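Down below is the structure, laid out as structure tokens.
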Protein chains: 2
Amino acid sequence: MRLTRAGEYGIRCVRHLAIHGQGKLVSRKEIASRTEVPPHFLAKIAQQLARAGIIEILQGANGGYRLLNDPAKITLLAVIEAIIGEISLNDCVGRPESCRDSALCTVHRVWNKANQQLRATLQEADFATLAREDACCLTSFP
Amino acid sequence: MRLTRAGEYGIRCVRHLAIHGQGKLVSRKEIASRTEVPPHFLAKIAQQLARAGIIEILQGANGGYRLLNDPAKITLLAVIEAIIGEISLNDCVGRPESCRDSALCTVHRVWNKANQQLRATLQEADFATLAREDACCLTSFP
DNA sequence: TCTATATAAGACTAAAAACATCTTATATGT
DNA sequence: ACATATAAGATGTTTTTAGTCTTATATAGA
């Protein structure tokens with residue numbers, strides 16, 4: 001697992017939308033400038049979020065992005081995995097076939113446990129909470 | 001954080017040494033072939049493990065590597081961090097200065113918790129245990 | 001209907017990191 | 001002295017990440 005820049009940007013984007021509330025349309029331009037994400041890069045990230053059913057993209061004049069669901073229902077895990085794919089701390093966890101016998105592998109078992117914990121922690125965090133307080137990472141409201 | 005190939009190889013190396021027991025000298029050649037790690041790459045990894053005080057390197061004819069401590073005292077965390085540096089799931093965690101106000105950042109707080117959990121889980125795993133049972137990843141004994 | 005504005009989609013490029021190898025030097029046992 | 005083993009760092013290759021650019025498409029409003 002590795003939180004890439006794209007993943008970080010995806011979080012910023014959803015958090016910014018969450019601050020405005022579900023269904024509120026915000027232009028890509030505004031999101032990009034407020035969260036300091038390169039606009040074209042944000043476009044790609046938004047497409048992934050849209051495919052994952054997290055946001056809706058409206059084209060045309062006065063277009064933009066908006067959250068499809070209640071921020072309280074959107075987890076940090078869902079956003080991250082929409083961007084970087086399912087989290088796996090090492091290959092052993094994500095692709096059992098890369099192990100000779102992953103069911104018995106003591107090392108594997110540790111990774112597996114760590115991976116489950118990590119995903120659980122990220123799943124507990126929802127964007128209603130994440131948007132509520134002031135936060136670093138350039139995503140706070142005016 | 002990302003478990004690189006080098007990290008994975010470091011684990012294989014220490015596990016192989018742990019199977020032989022503390023203080024037992026094993027040649028780089030044997031470790032490399034048994035764990036399927038490129039010999040020259042293993043040399044670099046071994047140097048990092050040596051700098052971290054995990055193994056001792058003996059030069060010259062009949063040289064090789066050996067564990068300095070009881071495998072039960074060597075944690076998965078120590079080995080991984082000897083190779084890839086201190087684990088941090090995102091920049092926010094590892095470099096608080098990259099946040100405007102990391103103490104208040106709700107996103108940061110989630111990462112921080114996840115990071116602590118991950119390190120704790122990896123610290124609980126020791127190489128006496130990891131070496132005990134059959135395992136995948138090419139590190140089992142003859 | 002035409003135009004301005006906005007995003008879509010994917011090709012393309014640059015930079016960084018990962019992965020590995022190669023070469024020269026140094027240490028040790030016989 | 002010689003054979004064998006690792007040290008150390010330069011070098012090269014591949015993959016991934018990060019970001020940009022271009023052409024196409026959709027929409028609001030004059």
Side-chain angles (χ1 to χ4, degrees), chain A residues 1-13 16-17 24-33 35-52 54-68 80 83-85 87-91 94-95 98, chain B residues 1-13 16-17 24-52 54-68 80 83-85 87-91 94 98:
Chain A
M1 136 82 179
R2 155 118 187 262
L3 185 67
T4 59
R5 206 75 79 90
E8 161 71 20
Y9 290 165
I11 295 168
R12 290 190 198 176
C13 174
H16 191 79
L17 289 169
K24 168 75 180 175
L25 191 68
V26 184
S27 74
R28 183 183 69 175
K29 197 173 170 182
E30 181 193 319
I31 301 171
S33 88
T35 61
E36 291 185 19
V37 173
H40 283 88
F41 201 4
L42 179 57
K44 294 177 69 168
I45 292 162
Q47 286 159 35
Q48 292 180 277
L49 293 171
R51 266 181 241 122
I54 295 168
I55 68 171
E56 185 183 26
I57 296 173
L58 297 188
Q59 282 197 36
N62 305 324
Y65 307 144
R66 67 179 166 207
L67 286 186
L68 276 174
I80 291 167
I83 307 293
I84 66 171
I87 285 174
S88 79
L89 288 170
N90 75 345
D91 290 346
R95 302 182 298 114
S98 70
Chain B
M1 136 82 177
R2 156 119 186 260
L3 184 67
T4 60
R5 204 74 79 90
E8 161 71 20
Y9 291 166
I11 295 167
R12 290 190 198 177
C13 173
H16 191 79
L17 289 169
K24 169 75 180 177
L25 190 69
V26 184
S27 75
R28 183 184 67 174
K29 196 173 171 183
E30 182 194 319
I31 300 171
S33 89
R34 296 302 289 268
T35 61
E36 290 184 18
V37 173
H40 282 88
F41 201 3
L42 179 57
K44 293 178 71 170
I45 292 162
Q47 285 159 34
Q48 293 181 275
L49 293 171
R51 266 181 240 124
I54 295 168
I55 67 170
E56 184 181 28
I57 297 173
L58 298 188
Q59 282 198 35
N62 305 324
Y65 307 144
R66 67 179 167 206
L67 287 185
L68 275 173
I80 291 166
I83 307 294
I84 66 171
I87 284 173
S88 79
L89 288 171
N90 76 346
D91 289 347
S98 70

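Protein chains get the first letters and strands the later ones, always in sequence-line order, with residue 1 at the start of each. Model, not experiment: these values are computed from the prediction.
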(request) Using whole Å, report how far CD of B/Glu8 lies from P of C/dA18. (result) 15 Å
(request) Output all residues satisfying side chain to side chain contact (heavy atoms under 4.5 Å, CB included) with A/Lys24, sequence neighbours left out; order by chain, then residue number. (result) A/His20, A/Val26
Measure all distances between protein nitrogen or oxygen atoms and nitrogen or oxygen atoms of nucleotides 28-30 of chain C, and list the pairs falling under 3.5 Å.
unit_1: C/dT28; atom_1: O2; unit_2: B/Ala61; atom_2: N; d: 3.3

(request) Take atom CZ of A/Arg28 and atom C1' of D/dT27, then tell me their distance rounded to the nearest Å. (result) 15 Å
(request) Round to a whole Å and report the spacing from CD1 of A/Ile55 to C1' of C/dA8. (result) 12 Å
Between the protein and nucleotides 19-22 of chain C, which nitrogen or oxygen pairs come in under 3.5 angstrom?
unit_1: C/dC19; atom_1: OP2; unit_2: B/Arg5; atom_2: N; d: 2.8
unit_1: C/dA20; atom_1: OP2; unit_2: B/Tyr9; atom_2: OH; d: 3.1
unit_1: C/dA20; atom_1: N6; unit_2: B/Lys44; atom_2: NZ; d: 3.4

(request) Rounded to the nearest 0.5 Å, what's the gap from CD1 on B/Ile31 to CZ on B/Arg12? Could you check? (result) 13.0 Å
(message) Could you work out, with side chain to side chain contact (heavy atoms under 4.5 Å, CB included) as the rule, every residue matching B/Ser27, not counting sequence neighbours?
(response) B/Lys29, B/Glu30
(request) Take the protein atom OH of B/Tyr65 and the nucleotide atom P of D/dA5, then report the distance between them rounded to whole Å. (result) 12 Å
(message) Angle between the two end axes of the helix from C/dT1-D/dA30 to C/dT30-D/dA1, five base pairs per end, rounded to 10 degrees?
(response) 10°
(request) Would you mind reading off the distance between B/Ile57 atom CD1 and D/dA8 atom C1', rounded to a whole angstrom? (result) 11 Å
(message) Checking B/Pro39 now: which residues fulfil side chain to side chain contact (heavy atoms under 4.5 Å, CB included) with it, not counting sequence neighbours?
(response) B/Ala32
Under 3.5 Å, which donor-acceptor pairs link side chains of residues 55-68 of chain B to any protein atom two or more places apart or in another chain?
unit_1: B/Glu56; atom_1: OE1; unit_2: B/Arg66; atom_2: NE; d: 2.9
unit_1: B/Glu56; atom_1: OE1; unit_2: B/Arg66; atom_2: NH2; d: 3.3

(request) Quick one: list whatever passes salt bridge (charged side-chain N to carboxylate O under 4.0 Å, His left out) with A/Arg51, sequence neighbours left out. (result) none
(request) To the nearest Å, give me how far apart CD (B/Gln48) and P (D/dA8) are. (result) 12 Å
(message) So which atom in A/Thr35 and which in A/His16 form the shortest heavy-atom distance, rounded to 0.1 Å?
(response) CG2-CB, 4.0 Å
(request) Take atom CG of A/Leu49 and atom C1' of C/dA9, then tell me their distance rounded to the nearest Å. (result) 16 Å
(message) Return the CZ to CD1 distance between B/Arg28 and B/Ile45, rounded to the nearest 0.5 Å.
(response) 11.0 Å
(request) Grab the CD1-P distance between B/Ile45 and D/dA7 for me, whole Å please. (result) 13 Å
(request) Enter the distance from B/Glu8:CD to B/Ile83:CD1 here, rounded to the nearest 0.5 Å. (result) 11.5 Å
(request) Please name the pair of heavy atoms, one in A/Gly10 and one in A/Leu49, separated by the smallest distance, quoted to 0.1 Å. (result) O-CD1, 4.2 Å
(request) Measure the spacing between CG of A/Leu89 and CG of B/Leu3 and express it to the nearest 0.5 Å. (result) 8.0 Å
